[in-house]
Every structure is written in structure tokens, then in C-alpha cells.
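Here the structure comes first, spelled out in C-alpha cells, and everything after it is commentary.
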Amino acid sequence: MSVALAVTAAAVSLPGQAQAASDPLAEKLRRTIDGLRFQEVLDTAPPASPQAKRLPTVDRERQTTADVRRLAATAAPQPISQQPQIDATVIELDGRGRPVRSGTVLMSPLYPKGVTVPVDRNLSTTSVRWRQWDDKGWYANKGQGTIDVVPGRENAPLDHMLAYPASVLKLMVNFGVLRLVDKGEITLDTVYDYRPDPVSPLCGGATSKPVRQYMDESLTWSSNGASCALIKLLHDRGAIDPLNRTFQDLGLQTLQLKNTNPANGGRWSNSVTMSSLDTAKLLTLINGAPGTVWKAPDGTPVTRDVLSAASRGFFLEKLSQQGFNDMLSSVNRCGADYPAPGIPHKVADRWIGPDGTVTVNGQKFGRDVRPCNAKAEVTFAHKTGWVNNSAADAGIIRSIRKNGRRYIVAVFSNLGTQYVDANRPAVEPGTYPYSYTEKFAKLGNLIDAYERRRAS
């Protein structure tokens with residue numbers, strides 16, 4: 001089966017119109033994901049292996065690049081035990097940033113060929129029983145899960161266990177902090193004295209920095225310490241529960257920042273949940289779609305004014321300076337034989353050295369990205385995340401040329417650093433290890449190629 005996204009004539013839904021489950025975009029996305037054969041990856045920590053027994057289930061982001069290298073060096077990785085979990089959404093935007101069509105696809109042991117999700121006029125669905133990620137439970141009962149994320153979905157026709165969002169959870173954290181800024185409780189220049197007690201391996205020790213610096217470090221190079229500080233700031237201000245209620249009120253019911261530790265901002269566990277659809281919707285608001293973007297469950301219009309224009313601008317600026325371009329995009333390794341090319345976007349100048357190579361917080365990628373920047377077609381304001389059994393990337397794509405493609409993409413999967421391609425080469429000594437199967441970069445490239453042709 002060809003993995004190309006074929007371009008066919010299809011009517012684009014106007015804002016506010018209902019979408020059917022058989023929307024052509026969703027079906028094309030399903031066929032593309034199925035055609036990439038994600039089930040062919042190899043597992044470096046199969047069930048009951050010594051490697052699997054050493055993997056943490058709480059605060060997994062404390063895993064280091066050295067841990068990634070150790071997994072990659074496993075002598076005899078095994079085929080993955082069952083069809084992997086994938087949750088993917090694309091929301092197409094018009095020239096003003098308003099959503100005009102979307103597609104959401106789920107893949108799992110329950111749906112090995114993938115299944116499209118019915119999405120209504122509010123970019124919402126009641127057709128999925130969302131379950132919380134369970135590390136050991138994924139291997140049981142075809143990865144169905146046992147803990148419901150959204151109540152009252154017992155009779156939903158679809159059932160999906162959400163992959164742990166990894167560092168993409170920092171989108172929720174920073175959204176919450178900017179809500180405090182907009183309420184006047186803090187400013188971006190407020191100096192926050194982070195005093196964790198106890199100190200955790202994930203979060204590190206005490207720091208004192210302006211809020212804007214914590215946010216920059218959290219979003220652009222995914223600092224766990226900075227993110228813990230921001231979570232503790234939210235706890236200090238009594239803002240965690242209101243943030244979770246805000247997500248519910250906005251109709252983003254799977255976005256839940258729950259059970260973190262108020263004493264240090266750590267304890268990131270499986271009770272922190274995000275779906276690709278709700279994440280893409282949140283990014284649509286951050287991107288600044290005008291007017292009523294959708295209606296909340298109580299019928300209230302939801303608009304971009306959930307954040308002020310200044311806060312949206314700051315958020316977008318930081319996402320556009322993402323340093324780790326290595327999941328749906330692979331431009332940090334420009335021109336390499338592996339991984340495959342992904343979304344063809346421009347690398348932020350702040351990470352590029354005099355020799356053209358990218359270094360992010362001391363992590364060197366070792367390839368001259370200037371040729372790829374010269375040919376870049378889009379910008380990609382995004383956030384990535386990984387742990388051993390989680391891979392995530394979500395962001396906003398805008399064409400560099402006028403009147404080109406604009407869309408949101410979000411992909412969550414359990415195919416984290418634990419899973420490798422059979423043809424993966426060794427990285428050059430001293431360079432950042434591969435974090436994901438290159439199939440994600442291929443997926444990003446195919447989605448973007450379709451959106452480029454559609455826009456033209």
C-alpha cells in the first residue's frame with residue numbers, strides 16, 4: 001500500500017459546520033499511518049527483560065540521553081509485542097487561523113489498521129472512551145486500560161488508552177502560568193524563588209529566576225527543572241485545580257494536569273493526560289483564531305481571549321524557538337541518510353553555531369542545517385516530548401510564502417526511546433542520540449506534502 005496522501009477534490013467544511021466520521025482528511029490520515037507500518041519497530045526493553053524492570057513509571061522525564069544510549073545499545077532488540085498506540089490529529093486552518101476541517105485517528109491493538117474518530121462542529125467527540133495510560137496494563141487486554149479519563153463514556157463505540165504526554169504536558173503548564181499573568185497575579189518579570197522540599201531527581205534544587213526565563217527554558221529546550229518551578233508556582237497560587245476546571249469548561253476534557261507534587265512541582269505520572277484532538281484545539285486558541293472557535297459543553301462561545309494577545313504572542317514566540325526538532329521534523333539532522341526528512345521547517349537561529357550545526361543546551365546534533373533553512377517552506381511552532389514509552393509532538397505550521405498552508409498537528413504514541421528501527425545507524429560520538437523511530441518524521445513529511453498540495 002502506498003503511504004502517500006493522495007490529493008482528491010473534497011469540500012472544505014466552513015467554521016461551525018458538522019463533520020462526519022468519514023471526512024476525507026481523517027481517512028487519508030488513517031491510511032497514511034497504517035501504510036507506515038509502525039508495528040515493524042523493534043523493542044529494546046521487551047516485557048520481563050532486565051531493561052524493562054529498570055524503567056521508572058513516575059517522573060520518567062528524569063531519563064537522560066545516557067539512558068537513551070543504553071537502550072539503543074541493547075544487543076538483541078525484539079519485535080514489538082503488539083500493535084502500538086498512536087493518537088493523531090490534523091486541524092486545517094484558513095488564512096485567518098480559523099479551523100476549517102479536522103481529522104483524528106486512533107491506532108492500537110484494538111484497532112490495528114487505525115480508526116477515524118467522529119468529530120462534531122465543536123471539534124469535539126463523545127465517541128471515545130478515553131483511558132489513562134498504564135505501563136504494565138498496555139500489555140494486557142489489548143492495551144485497553146482500566147481508568148477512565150472522562151466520566152460517562154462507558155458506552156462509547158471507541159476505546160483508547162491515551163499515551164503518556166511526556167514533555168508536551170508543558171503546554172498545559174505554561175498556559176496556566178500565562179493565565180495568572182493575564183489576571184495580574186504575576187508578571188513575566190516576577191522573580192520566582194523556587195524552593196523545593198524535598199528536592200526530587202526530576203526537578204533539581206532551588207533556583208530564582210524571572211517567570212519569563214522559566215517559561216523560555218520549559219518550552220524551548222524542555223527544562224524539567226524550570227517546568228517543576230512553574231508547576232510549584234501554580235500550586236503556590238492555588239491555580240492547579242482552577243486550571244483543570246478551565247480545561248473542562250473549554251471542552252478540552254482530556255487535558256488534565258493532576259496529582260503533581262505541590263512541594264516541588266514533580267511527581268509527573270500517568271494521571272497527567274492529553275489527547276491529540278484537545279491538544280490541537282488548545283494550540284488553535286494559542287494561534288489566535290478570531291471569533292467563536294467552538295462552543296463549550298455549556299454552549300458558551302470559546303474564543304482566543306482565553307489568553308490575552310500579549311500572552312499568545314509570547315507563547316507562540318517560545319514555541320517557534322523549539323530546539324528539539326527531531327520527531328515529526330528531523331531538520332536538526334539536515335541532509336543525513338537517517339532519519340528520513342520530516343516537516344521542512346526552519347530551525348530557530350538561536351541554536352545554530354558558526355559552523356551551521358545545532359546545539360541545544362549542550363546537546364550537539366552535528367549537522368549543518370543552513371542548506372535546509374535556505375529551502376525551508378514553513379515555520380513549526382511546536383513542543384516535543386519523550387520517555388521510554390512515550391513519543392509526542394504538537395505544533396502550529398505556517399507557510400513561509402503568502403497564502404500557503406496553515407494547520408495544526410498533534411501526535412502522541414507509546415513508541416518512545418525504547419523502540420528503534422531495524423535500520424537505525426549509530427550516531428556519531430558526542431552527538432545527541434536518536435529519540436524516535438524515523439516513521440514519525442516520514443509521517444510529518446507526508447502530512448505536510450498533502451497540506452502543501454491542498455493549499456496550492
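Scope of the values below: all heavy atoms of this structure, side chains included, with no hydrogens, waters or symmetry mates. Predicted, not measured: the structure shown is a model, and the values here were computed from it.
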Does the ring pair (Phe, Tyr, Trp, His ring centres under 6.0 Å) test come out yes or no for Y419 and Y436, once each step is laid out? CA-CA 7 Å; Y419 301 94; Y436 313 91; over 10 Å; no
Trace of the side-chain hydrogen bond (donor to acceptor under 3.5 Å, both in side chains) decision for N389 with D135: CA-CA 8 Å; N389 59 356; D135 296 78; 2.8 Å; yes
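The salt bridge (Lys or Arg N to Asp or Glu O under 4.0 Å) analysis of residues 316-339, with sequence neighbours excluded, yields the pairs D216-K318.
When all heavy atoms are compared, the tightest approach of S413 to I86 is OG-CG1, 3.8 Å. Considering every non-hydrogen atom in both T44 and P46, the closest pair reads C-CD, 3.5 Å.
With sequence neighbours excluded, the residues that form a side-chain contact (heavy atoms from CB on, under 4.5 Å) with S320 are A381. A search for salt bridge (Lys or Arg N to Asp or Glu O under 4.0 Å) contacts involving R405 returns E377, D448, not counting sequence neighbours. For R129, the side-chain contact (heavy atoms from CB on, under 4.5 Å) partners are R131, D148, R153, E154, A156, D159, not counting sequence neighbours. Residues that satisfy the side-chain contact (heavy atoms from CB on, under 4.5 Å) test with N423, not counting sequence neighbours, are Y338, D421, E438. When the side-chain contact (heavy atoms from CB on, under 4.5 Å) test is applied to A296, the partners found at least two apart in sequence or on another chain are D298, T300, V302.
Without hydrogens or angle criteria, N122 side chain to K295 main chain gives a donor-acceptor distance under 3.5 Å. Of the possible polar contacts, none joining the N261 side chain to the R267 backbone as a donor-acceptor pair under 3.5 Å is found. Of the possible donor and acceptor atoms, one in the side chain of T246 sits under 3.5 Å from a partner among the backbone N and O of P242.
With a 4.5 Å cut-off on side-chain heavy atoms, W386 and F324 do not count as touching. Between L25 and E451 the shortest side-chain heavy-atom distance falls below 4.5 Å. Side-chain contact between Y407 and Y450 is absent, with no heavy atoms from C-beta onward closer than 4.5 Å.
Note: Y214 and Y194 fail the aromatic proximity criterion, with ring centroids not under 6.0 Å apart. For F38 and F440, the distance between ring centers is under 6.0 angstrom.
Here L446 contributes atom CG and T32 contributes atom OG1; the two are 6.0 Å apart, rounded to the nearest 0.5 Å.
Here the options are D278, T273, T279, the test is side chain to side chain donor-acceptor pair (under 3.5 Å), and the partner is T254; only D278 passes.
Ring geometry for H382 against F380 counts as parallel: the plane angle stays under 30°, on a 0 to 90° scale with 60° as the upper cut. Ring planes of W130 and H160: perpendicular class, angle over 60° (limits at 30 and 60°).
Ion pairing of R245 with D249 is absent here, as no side-chain N (NZ or NE/NH1/NH2) approaches a carboxylate O to less than 4.0 Å.
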